[in-house]
J.: 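Would you mind keeping the following structure in view while I ask a few things?
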Amino acid sequence: MQFIVRRNPHALLLYGASGLGKRVFAESLSSLLLCQAPMKNKHCGRCRGCVLKQAGTHPDLRHVRPESSRQIKIDQIRELNRWSVQTSQQGGYKIAIIYPSEQMNVQSANAFLKVLEEPPPQTLFILVADKVLSILPTVRSRCQSLLFSVPKHTEALQWLKSQHDHTDNLAQLLIQSGGAPLEVSKLLNGDYIRLRNDVAQNMLALLSRKTNALEKAANLQKYQPIDVLKVLESFVSKAIRLSMVKEEKNISSQDEDDAPSRLLASLEVTALFQFRDQLLKAVRYLSGNSNPNPLLLIEAIFVNLSRAQIRN
Ligand SMILES: [Zn+2]
């Protein structure tokens, strides 16, 4: 981190896939820069700067995120520009973390460009982006860029094992998360278990034909659509594996956790592969730039599932 501070850029662009620690890095760097008594490249945790930062009330730190829509709007950037030319209240750095910075629309990005062209002193803009190519090239070229790349699978797995007690399907979760260990941590620390159970229950009801697909899809709206799709995908992948061993009359898994996969495994294997394709397509679609309606995507998946034929 030291070289960044010494070279004193006005804008840093941290980019790379989600779940690789970009935001954690942005927060650590801002803690260090706002600390009034840093030691060995670490914030002290005790000074006024650190206390304000930890309380989330540091006046010289701003977080700019999409508010009501998925976009960072021009009014937010105009407000940021006004703040950035004011003098720092604690006498040190002023820092703004903009995430996800690819969500600035064209007007916002152009307004932001103005401040980058004449950067205020002692002010650092930290742009965090999962999809760097969606940022205007004129903005990118004025930032010092730092790529976060995917760690080796074995290293990431080792780290995850050191962080979590529940380590059953870490390797599979890591693959599903594109190799990004923090994505897996987020799933495990957050409401992953609840999400998994909820998806499982809705799916079981759907497969036993007790309910309608649209209602079940609506039930899951409280979760991140991409997380719902990943959980569904994990059930289907497991069901495909189970169907294969079933052919060899060797099915042994009675794990309660596998109930949805076991039921799915009673569908035609071709239907399972088609279903998995549809899920992976939806994940790609949601991660792209086209802004699809997530509820419609999940509804379509559930409708397909409710029509799948159980094999004899
Ligand atoms: Zn401190």
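Ligands are counted one by one from 1 in listed order, and the atoms in each one are counted from 1 as well.
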J.: Does the pair Asp227/Lys230 count as a salt bridge with the N-to-O cut at 4.0 Å?
T.: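 Salt bridge absent between Asp227 and Lys230.
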J.: I'd like to know: is the Zn ion (ligand 1) within the 2.8 Å range of an N/O/S atom from His43, strictly under that distance?
T.: no
J.: Quick one: are Leu12 and Cys143 in side-chain contact, heavy atoms under 4.5 Å?
T.: no
J.: To 10°, measure the SG(Cys50)-the Zn ion (ligand 1)-SG(Cys47) angle for me.
T.: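 About 110° at the Zn ion (ligand 1).
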J.: Does either side chain, that of His164 or that of Ser185, offer a donor lying less than 3.5 Å from an acceptor on the other one?
T.: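 Yes, a side-chain donor-acceptor pair sits under 3.5 Å.
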J.: Within the 4.5 Å heavy-atom criterion, are Thr138 and Leu116 side-chain neighbours or not?
T.: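 They are not in contact (no side-chain heavy atoms under 4.5 Å apart), so the answer is no.
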J.: Quick check for you: with the Zn ion (ligand 1) as the vertex, what angle do SG of Cys44 and SG of Cys35 span, to 10°?
T.: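 Nearest ten degrees: 110°.
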